[in-house]
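Counting convention: from 1, in listed order, for ligands and their atoms alike. Quick caveat: nothing in here was measured; it's all calculated off a predicted structure.
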Amino acid sequence: MSCNPAIGGQAKGQMVREIDALGGEMAVNTDVTAIQFRLLNESRGPAVQAPRAQCDKKAYQLRLKHKLELQDNLQIFQATVTGLIYKHDRVVGCRTNLDVEFLGRTVIITTGTFLRALMHVGQNKNKGGRMGDFSAKTLSGSLIEAGIELCRLKTGTPPRLLGRSICFSGLQEQKGDREPTLFAFHDTRDQGDLFHVEQPGETLLGWRPGVAQTSCWMTYTTAESEQIVRSNLHLSAMYSGEISGIGPRYCPSIEDKFVRFADKPRHLLFLEPEGRNTNEYYVNGLSTSLPFDVQVQLVHSIPGLEQAIILRPAYAVEYDFAQPTQLFPSLESRKMEGLFFAGQINGTSGYEEAAAQGLVAGVNAVLKVRGESPMVIGRHEGYIGVLLDDLTSKGTIEPYRMFTSRAEHRLLLNHGSAEGRLMGHSRAMKLLPESRLNRIEQKFSAVKKWSDFLEDTSGGNGSLGDAVRRGEAPARLPAEFQNETKEVREETLYRVKYRGYLLREQRQIERFNDLERIRIPDGINYLAVSSLRKESAQKLQALRPATLAAASRISGVNPSDITILMILIETGHRTPSGPWSSPGSASVV
Ligand SMILES: Cc1cc2nc3c(=O)[nH]c(=O)nc-3n(C[C@H](O)[C@H](O)[C@H](O)COP(=O)(O)OP(=O)(O)OC[C@H]3O[C@@H](n4cnc5c(N)ncnc54)[C@H](O)[C@@H]3O)c2cc1C
């Protein structure tokens, strides 16, 4: 884990569940190495809740490494890949720095931030994809030679502090949830898989999820912090023009925060422990590329950190990525047959995004060898589908991170339904054991049975389903239902509660196919549509597409923006101050 050892959050949490539903290891690995669980947005509805876990950085890594070592039919070898071996436009293997060559019909590149990687701490520069690591120097040249276009991006990380030098006493404590929300679907796994039961020969790290959780702490930047940052902006690698790559918009550096959000007097920071057996703390929110001496002043200007010792400075890293529009949705290169790309090399940022792509590329590389059609996950089937479609059809000019707003059918993509949504793929590709597939089938037939029952059974004023939607139902639900597993109950209640919205999304999926036929009225003032994202509203206002299909093809206009437009058009919403500045009606031609 290059940065914060945290997994999940909005949309990313759902992706971890989808990875679990496709046989990936990330969810279980998170559950058994987490040191804090928190359900974000707990007070709000289940549609916007998102699980997040802070992991033990080393335990997470070592458990996963050992899991790979125990994997049948997987051979591991550690060396630096220096170049591809290809014949015409087909990859046939790769070369390493040890002069050992590997031949194969498919190759997957997952180099993260390591290609021609350069780290910046102020004006200080070091080659490396991660502090303490190397930079892959020659592979970029080999990819370019093979016809792959590379561009530059940048990301950053905050300083790490020595815990015993932090004064926690005036800081607000943030404890973990007493009842942890886990990532893996333990209900459909074999008993032996639950909470990790070691098999002979295994010495997997891990503990029962939720035991002995650690706390995080909150603090804020001060006016002095702002003054330190502003007066040293010219020394920041990002602001002095040292870095050409674009950084993540949604994970801004502290320099960006003070400059772009100048009206905010202070910024929230979280102090997060990196593990059980270390006293190292991660300062979430304080990413910077200021020089080390300025970082020391900055850290000392923050309450609780007046005496803090920096164990590792914050830094920015620039690296090569390959524009993912050069890939098919299977993640195979359009230019070089058999060559797959996955993870941050495709312009994404985040462990979950990388894991999802790794899984899809792995499955598809095997299918390619077998001569079978690739596994392509649709946008309506999961966030993984949204991710792959966005990357391969639109590309990216900044580090791409998943958000719920990127998905047009986000209510259908709730975390509880991930196994059901993806079962077609997991069964067809044999990604899960037969026993688990059967349990998933049973689970979703129970959910259907109970959803139908609640809709069809009178509950006084309307059906029991109506009572659920009014928030009155729990006491009136039959005992038999209460005896179902938590997962069946929660998914049933979710489907019943949001029934109208879910049906609408399902209809939208069908209608999205007809976008080409839906005309947008001439006089629409996109800037007055407050629900549209600013970037989309500006582009739509400038380009004024004639149809929804044309709007959807504008780069930066998200499917969720199209949904908003579709609803506006459908409702023909027209008010004096509203989006229609002159008469014009929606028409389907
Ligand atoms: C400084 C920094 C801060 C970040 N902050 C966050 C964050 O807070 N939250 C978040 O979700 N994500 C964060 N990310 C992004 C996240 O770490 C990545 O998106 C994710 O790890 C990418 O996974 P990956 O498998 O594509 O690559 P990586 O995790 O980078 O792994 C690449 C691996 O490939 C190996 N490798 C590279 N080149 C070669 C070669 N030629 N031969 C052999 N091996 C090679 C490397 O040694 C490395 O082990 C951060 C990344 C960095 C660098």
**Complete:** S2 and Y351 have their tightest heavy-atom pair at N-OH, 3.5 Å
**Request:** May I ask you to list the atoms of ligand 1 that are less than 4.0 angstrom from any heavy atom of G343?
**Result:** 26 (O)
**Asked** Are a donor atom and an acceptor atom from the side chains of N126 and H120 found within less than 3.5 Å of each other?
**Response** no
**Message:** Looking only at side-chain N and O atoms, does T288 offer a donor or acceptor that is under 3.5 Å from a partner on E255?
**Reply:** yes
**Message:** Give me the nearest non-hydrogen protein atom to atom 35 (C) of ligand 1 as residue plus atom name, then the distance to 0.1 Å.
**Reply:** F134 CZ, 4.5 Å
**Item:** Charged N-O contact under 4.0 Å between R152 and D320
**Value:** yes
**Request:** Test S301 against every option in T222, V296, V229 by the side chain to side chain contact (heavy atoms under 4.5 Å, CB included) rule and name the one that passes.
**Result:** T222
**Prompt:** At what distance is the nearest protein heavy atom to atom 49 (O) of ligand 1, and which residue and atom is it?
**Reply:** R130 NH2, 3.8 Å
**Message:** As a quick check of understanding, evaluate ring-ring contact (aromatic ring centres under 6.0 Å, His included) for F183 and H415, giving each step before the final call.
**Reply:** CA-CA 9 Å; F183 283 91; H415 54 74; 9.2 Å; no
**Request:** Evaluate side chain to side chain contact (heavy atoms under 4.5 Å, CB included) for C55 paired with I7, printing each intermediate quantity in order.
**Result:** CA-CA 7 Å; C55 293; I7 298 285; 4.2 Å; yes
**Request:** Provide the number and element of each atom of ligand 1 under 4.0 Å from a heavy atom of T113.
**Result:** 30 (O), 53 (C)
**Item:** Protein heavy atom at shortest distance from atom 48 (C) of ligand 1
**Value:** F114 CE1, 3.8 Å
**Backbone or side-chain N or O of C3 under 3.5 Å from ligand 1 N or O** = no
**Request:** Could you tell me if any non-hydrogen atom of T155 lies under 4.0 Å from any atom of ligand 1?
**Result:** yes
**Request:** Kindly indicate whether atom 10 (C) of ligand 1 is approached by any protein heavy atom to under 4.0 angstrom.
**Result:** yes
**Prompt:** When only distance counts, is Q344 in polar contact with ligand 1, meaning an N/O pair under 3.5 Å?
**Reply:** yes
**Prompt:** Considering only protein heavy atoms, which is closest to atom 30 (O) of ligand 1, and at what distance to one decimal place?
**Reply:** G112 CA, 3.4 Å
**Message:** Do the side chains of K58 and E274 get close enough for a salt bridge, i.e. N-O under 4.0 angstrom?
**Reply:** no
**Request:** Look at atom 25 (O) of ligand 1 and say which protein heavy atom is nearest, naming residue and atom and giving the distance to 0.1 Å.
**Result:** A354 CB, 4.2 Å
**Asked** Quick one: which ligand 1 atoms are inside 4.0 Å of a heavy atom on T110?
**Response** 32 (C), 33 (C), 34 (O)
**Prompt:** Do we get R406 above Y400's six-membered ring, with its NZ or CZ under 6.0 Å from the centre and within 45° of the axis?
**Reply:** yes
**Message:** Using heavy atoms and a 4.0 Å limit, tell me yes or no: is A79 in contact with ligand 1?
**Reply:** yes
**Prompt:** For ligand 1, is M1 a contact, meaning one of its heavy atoms is under 4.0 Å away?
**Reply:** no
**Asked** Should Y282 be listed as contacting ligand 1, given a heavy-atom distance under 4.0 Å as the test?
**Response** yes
**Item:** S349 neighbourhood, listing ligand 1 atoms whose heavy-atom distance to it stays under 4.0 Å
**Value:** 19 (O)
**Test log, rule side chain to side chain contact (heavy atoms under 4.5 Å, CB included), inputs L327 and N346** = CA-CA 9 Å; L327 304 175; N346 285 340; 3.5 Å; yes
**Derivation and outcome, salt bridge (charged side-chain N to carboxylate O under 4.0 Å, His left out), residues R52 and E42** = CA-CA 11 Å; R52 178 190 191 268; E42 196 175 4; over 6 Å; no
**N-O pairing of R266 and E226 below 4.0 Å** = no
**Residue selection (non-hydrogen contact nearest atom 17 (O) of ligand 1) among Y351, Y319, Y400, F77** = Y351
**Item:** Pair S253-S287, side-chain donor/acceptor within less than 3.5 Å
**Value:** no
**Prompt:** So which protein heavy atom does atom 12 (N) of ligand 1 come closest to, and at what separation?
**Reply:** G350 CA, 3.4 Å
**Request:** Give the residue and atom name of whichever protein heavy atom lies nearest to atom 51 (C) of ligand 1, and the separation in Å to one decimal.
**Result:** S2 CB, 3.7 Å
**Prompt:** Looking at E280 and K57, does any basic side-chain N land under 4.0 Å from a carboxylate oxygen?
**Reply:** no
**Request:** Would you mind running through ligand 1 and noting each atom that sits below 4.0 Å from a heavy atom of N4?
**Result:** 8 (O)
**Complete:** A student checking ligand 1 against A136 at a 4.0 Å heavy-atom cut-off should list atoms 38 (N), 41 (N)
**Item:** V317 N/O under 3.5 Å from ligand 1 N/O
**Value:** no
**Message:** Within the 4.0 Å heavy-atom shell around T157, which atoms of ligand 1 are there?
**Reply:** 1 (C), 3 (C)
**Request:** Report the relative orientation of the aromatic rings in F77 and F102; use parallel for angles under 30°, tilted for 30 to 60°, perpendicular for over 60°.
**Result:** tilted
**Asked** Among protein heavy atoms, which lies nearest atom 41 (N) of ligand 1, and at what distance?
**Response** V81 O, 2.9 Å
**Item:** Ligand-residue contact atoms, ligand 1 with K12, heavy atoms, under 4.0 Å
**Value:** 11 (O)
